[in-house]
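The structure that follows is given in the form of structure tokens.
Note on naming: letters A, B, ... go to the chains in the order of the sequence lines (proteins, then strands), and numbering restarts at 1 for each one. Because only heavy atoms are used, hydrogens play no part in the values below, and waters and symmetry mates are left out as well, while side chains stay in.
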Amino acid sequence: DGGITQSPKYLFRKEGQNVTLSCEQNLNHDAMYWYRQDPGQGLRLIYYSQIVNDFQKGDIAEGYSVSREKKESFPLTVTSAQKNPTAFYLCASSLGTSSHEQFFGPGTRLTVL
Amino acid sequence: AQSVTQLGSHVSVSEGALVLLRCNYSSSVPPYLFWYVQYPNQGLQLLLKYTSAATLVKGINGFEAEFKKSETSFHLTKPSAHMSDAAEYFCAVTFYSSASKIIFGSGTRLSIRP
């Protein structure tokens, strides 16, 4: 089945540690996205990538980093510079500029201890 | 500025009653509009989308939405609520000129009373 997978489902991190969230898609989509979701605030865009080896900052990129070395993969690193990283993180993908519909993964819940 | 507003962060209806979730957008160019549903601790699932074809759009699970340009609205409706409809619903908008970014509303939590 085609889709988007995120791992792990739940992640715990100590303060000061970097952590990487995985996002993989087998939909052959060009564009991929990372969102952060906090209660009552909807989705906020962290980073997005329209093509391999290229990505752009979203609205809340500070304290996060990404890479896009392969079309199928778009990992997100939450660095120690992110002051309030506890949140639900969602990855999405779309065909690209010719398609506007985004498909979402199941999410990763990150908790900082 | 382009934006989307969902009126009501929480809506509660009785089982079998009409569901109406409101969404208004602001745009200077023709929009593409979406409704997504999110169940607890899951990702978002597309309910329906408007992409400049028919103004009345039918989606999954018996939901539909009507694009009204004069009112800049895209309200989501379902004639008869079911307990399984309890979830968070997000309206979203994008535009051909900025195809890579979708703007999401803040969400409306729908509760269903037995």
Residue from B/Leu44, B/Asn41, B/Ile103 scoring the most non-hydrogen pairs under 4.5 Å with chain A is B/Leu44
Chain B contact via A/Gln37 - which portion, at a heavy-atom distance below 4.5 Å: side chain
Ring pair (Phe, Tyr, Trp, His ring centres under 6.0 Å) between A/Tyr48 and A/Phe74, intermediate numbers included: CA-CA 9 Å; A/Tyr48 66 100; A/Phe74 191 42; 8.9 Å; no
Please verify the inter-ring angle class for B/Tyr36 with A/Phe104; under 30° counts as parallel, over 60° as perpendicular, anything in between as tilted. perpendicular
Any chance the side chains of B/Ser73 and B/Arg22 put a donor and an acceptor closer than 3.5 Å? no
Checked A/Gly107, A/Gly58, A/Gly42, A/Ala92 vs chain B; the most non-hydrogen pairs under 4.5 Å come from A/Gly42
B/Gln38 versus chain A, the contacting section by heavy-atom distance below 4.5 Å: side chain
Using a distance-only test with no angle check, is there a side-chain donor-acceptor pair under 3.5 angstrom linking A/Ser94 and A/Tyr33? yes
Just verifying a value: how many Å separate B/Glu64 CD and B/Leu47 CG, rounded to the nearest 0.5 Å? 12.0 Å
Sort B/Leu46 into side chain, backbone, both or neither according to what part of it lies under 4.5 angstrom from a heavy atom of chain A. side chain
